[in-house]
Amino acid sequence: MAEQLAVNMLKPKKRSQVKSIWLRYKKNKLAMFGLVMLVMMVLCAVFADLIVDYEADAVSQNMKIRLMSPNKDHIFGTDQYGRDIFARIIFGARISLMVGLATVSLSLTAGAMIGATAGYYGGKADNILMRIMDVLLAIPGLLMALAVVAALGPGLVNLIIANSITRVPQFARVVRSAILSIKGQEFIEAAKACGTRNTRIILRHILPNAIGPIIVQATLNMGTTILGIAALSFIGLGIQPPTPEWGSMLSDARSQMRYYPYLVVIPGIAIMLAVMSFNLIGDGLRDSLDPKLKN
Amino acid sequence: MTDILLEISGLNVMYETDDAKVYAVNGLDLKLNKGETLGLVGETGAGKTTTALSIMRLLPEKIGLIKSGTIKLEDIDITKATEADMRLIRGESISMIFQDPMTSLNPTLTVGDQISEVLELHKKGMSKEDMSRRVDEILRLVGISPERKNDYPHQFSGGMKQRVVIAIALACEPKLLLADEPTTALDVTIQAQVLDMMKDLKEKLNTAMILITHDLGVVAQTCDRVAVMYAGEIIEIGTREDIFGGKDHHPYTDGLFGSIPDLTRTTRRLNPIEGLMPDPTDLPAGCKFHTRCPKCMEICKTVKPENHVSHTHNIKCHLFLNNIESTA
């Protein structure tokens with residue numbers, strides 16, 4: 001009984017770190033705005049099937065209702081094939097968020113492994129790995145992604161791979177510098193003195209302490225990834241029609257832009273909001289994870 | 001019967017950088033019995049920490065090199081052990097307590113997790129329940145209530161953190177504990193508490209300890225034997241009584257004692273040792289202390305002094321060697 005009580009009393013303490021981060025985050029109005037926006041977008045993407053019908057509204061063409069301005073049946077209007085733009089935006093969110101998440105997790109994992117190895121072992125390993133990263137960094141991201149997609153062929157998976165490769169060096173550098181700053185600290189020495197293996201030191205002692213800059217880099221990268229997917233789709237190398245994607249929606253609407261501006265404005269706003277919400281969250285997290293940055 | 005736990009002979013450690021070769025430890029000999037506490041004293045840069053790191057084989061990679069000599073822990077030669085063997089020795093047979101408890105705990109893990117990590121590493125067959133019981137037990141041993149094992153290091157005070165560090169070091173009941181200035185970062189009242197506790201614990205667990213410090217008061221309080229280090233060698237070693245009460249001393253030891261205020265003596269000023277420790281990249285010939293020694297003789301400048309042995313007391317100084325020769 002007394003033990004149970006003690007356990008209950010201790011539980012909130014265990015979360016105190018997360019809690020204090022959340023309290024600091026909550027104070028940042030812009031970051032909260034970003035978070036609310038993202039949550040709404042995620043909800044739309046997850047429950048897209050409940051809101052609209054994919055086949056009927058987002059994909060199948062209906063020439064009778066083509067190019068209708070926003071009205072009460074189609075709140076964002078319809079495009080030149082009579083597809084409901086609202087439905088396409090919602091299903092587009094699903095693609096953008098999914099590809100963004102997959103890309104960031106893939107490049108984060110690879111980048112963290114490379115950066116951790118380079119930073120922790122130093123010397124030759126560091127030199128070789130980081131020079132390879134430098135080579136990748138020297139090629140502009142979009143060009144690189146283009147080349148990869150051109151080589152592998154367009155498609156969802158190849159799009160993820162292409163975007164991931166261009167982002168690995170950024171993560172590798174962030175992780176490496178974080179590890180370098182933590183590696184020299186005394187508790188790492190102490191962990192070694194306990195007989196801890198190197199991989200365990202990296203995974204259990206170093207990375208959790210470096211999580212701040214990594215999370216920030218990841219959220220900021222989500223924004224640019226979404227932009228990157230839209231860009232590739234815009235030039236026709238990304239998601240293939242008729243799958244709704246924000247970038248390809250922009251591309252499709254190009255020819256009608258002059259007379260039906262809402263066709264480009266709406267997907268444009270969707271991209272902007274998604275990118276902005278991730279950037280706001282990233283900025284907010286950076287401030288709240290580092291209590292020294294703000295008083 | 002071999003009571004010897006650790007035997008270091010002719011240890012030479014060097015730090016090699018592109019710019020210079022630093023002779024950190026020069027021909028160090030040391031024996032430590034089971035369950036014994038040895039105080040290792042000396043100025044900053046005398047090579048105390050380097051000695052401890054050599055025993056752990058944790059010298060900075062590629063820079064810190066054990067040039068020659070052996071370090072024997074019972075039957076194992078640490079200088080020749082593989083890295084995998086060393087991982088098993090560290091934490092299990094030899095533990096180390098670092099100087100600053102504020103930075104030697106991982107801020108992202110609870111103290112309970114950090115203690116059980118050592119157990120996970122060295123007691124492979126231990127069940128989760130046994131482990132958690134052992135964590136409670138060891139926390140109680142160092143005077144922390146086991147309910148606090150789910151707290152993070154930042155929720156503890158400095159003295160409490162050092163207790164946690166000690167708990168981690170003692171979790172596997174090591175044979176040898178290296179304490180590198182364990183109380184320097186603590187204030188005096190806490191210092192006494194922690195030292196008393198360490199003394200108690202090592203008696204309970206029959207752990208031998210090398211206590212590195214430059215606080216002679218701490219040495220007098222806790223150690224069985226005392227070794228005085230200067231420029232990488234032990235210049236005087238003996239029992240606590242030899243060092244604190246004995247008649248003959250190395251001039252450097254005299255100088256160390258002359259540098260502490262004494263309540264029973266009436267002197268107007270302290271008598272610090274003149275000058276600084278010699279540059280370890282360019283050590284003087286002969287006795288390394290001769291440049292600062294008030295009793296320096298001609299022979300000191302060229303010839304390295306041998307050990308002058310009387311019972312348990314060894315002094316490396318020509319002063320006493322000459323005496324023996326002249327009386328013989």
Side-chain angles (χ1 to χ4, degrees), chain A residues 1-21 120-127 178-179 181-215 289-292, chain B residues 52-53 55-58 60-62 83-110 112-115 117-122 136 145-155 161 164-165 168-169 171-172 174 178 180 185:
Chain A
M1 186 64 200
E3 242 176 3
Q4 192 57 43
L5 201 73
V7 167
N8 285 339
M9 273 166 65
L10 288 168
K11 263 187 183 154
K13 269 190 179 169
K14 179 127 188 166
R15 263 176 311 193
S16 67
Q17 234 171 343
V18 179
K19 210 172 164 186
S20 66
I21 291 169
Y120 187 77
Y121 293 102
K124 247 183 218 148
D126 183 25
N127 236 326
I179 282 195
S181 70
I182 291 163
K183 179 171 91 158
Q185 287 188 29
E186 208 163 41
F187 66 87
I188 301 300
E189 189 89 340
K192 277 188 203 160
C194 290
T196 316
R197 261 173 294 112
N198 284 335
T199 36
R200 196 184 168 101
I201 288 182
I202 293 176
L203 292 177
R204 201 169 149 88
H205 293 280
I206 298 185
L207 281 181
N209 282 295
I211 205 76
I214 297 173
I215 287 183
L289 285 173
D290 185 2
K292 277 168 268 156
Chain B
L53 289 177
I55 297 172
M56 290 296 267
R57 270 263 303 274
L58 279 176
E61 265 173 68
K62 284 173 196 138
E83 193 53 35
D85 288 339
M86 276 319 293
R87 269 204 296 273
L88 294 177
I89 292 171
R90 291 180 200 135
E92 164 98 68
S93 307
I94 316 176
S95 287
M96 187 156 176
I97 300 174
F98 288 89
Q99 188 171 357
D100 190 356
M102 307 298 166
T103 55
S104 49
L105 291 171
N106 184 342
T108 55
L109 290 176
T110 64
D113 284 346
Q114 297 193 48
I115 298 171
E117 175 161 30
V118 196
L119 297 172
E120 272 171 51
L121 289 168
H122 296 290
D136 291 359
S145 128
E147 285 141 40
R148 299 204 61 189
K149 68 176 171 186
N150 290 329
D151 286 359
Y152 288 92
H154 73 269
Q155 291 162 310
K161 272 187 212 167
V164 173
V165 171
I168 293 172
C172 287
L178 305 172
D180 187 359

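Below, chain A is the first sequence line, B the second, and so on; all start at residue 1.
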S.K.: Do A:Arg204 and B:Glu117 come close enough that some side-chain heavy atom pair is under 4.5 Å?
M.R.: yes

S.K.: Which region of B:Leu88, side chain (C-beta onward) or backbone (N, CA, C, O), has a non-hydrogen atom less than 4.5 Å from a non-hydrogen atom of chain A, or is it both or neither?
M.R.: neither

S.K.: What verdict does the side chain to side chain contact (heavy atoms under 4.5 Å, CB included) test give for A:Glu189 and B:Leu53, after you've listed the backbone C-alpha separation in whole Å, the side-chain angles of each residue and the deciding distance to 0.1 Å?
M.R.: CA-CA 10 Å; A:Glu189 189 89 340; B:Leu53 289 177; 3.9 Å; yes

S.K.: Grab the two heavy atoms, one from B:Ser104 and one from A:Ala190, that are nearest each other, plus how far apart they are.
M.R.: O-CB, 3.7 Å

S.K.: Mind checking whether A:Lys192 and B:Leu58 have side chains closer than 4.5 Å, heavy atoms only?
M.R.: yes

S.K.: How long is the span from the CG atom in B:Leu109 to the CG atom in A:Asn209, to the nearest 0.5 Å?
M.R.: 8.0 Å

S.K.: By a 4.5 Å heavy-atom criterion (distance strictly below it), what part of B:Leu105 contacts chain A: side chain, backbone, both, or neither?
M.R.: backbone

S.K.: Hey, does A:Phe187 have a side-chain heavy atom less than 4.5 Å from the side chain of B:Pro153?
M.R.: no

S.K.: Can A:His205 and B:Gln114 be counted as having a side-chain donor-acceptor contact under 3.5 angstrom?
M.R.: no

S.K.: Nearest heavy-atom pair of B:Thr103 and A:Glu186: which atoms, and what distance?
M.R.: OG1-OE1, 2.9 Å

S.K.: As an exercise, state the distance from SG of A:Cys194 to CE of B:Met56, rounded to the nearest 0.5 Å.
M.R.: 7.5 Å

S.K.: To the nearest 0.5 angstrom, please state how far the CD1 atom of A:Ile188 sits from the CG atom of B:Asn106.
M.R.: 6.5 Å

S.K.: Answer with side chain, backbone, both or neither: which region of B:Ile168 has an atom nearer than 4.5 Å to a non-hydrogen atom of chain A?
M.R.: side chain

S.K.: Please flag which part of B:Glu83 lies under 4.5 Å from any non-hydrogen atom of chain A: side chain, backbone, both or neither.
M.R.: neither

S.K.: Less than 4.5 Å to any heavy atom of chain B: does that hold for the side chain of A:Arg200, its backbone, both, or neither?
M.R.: side chain

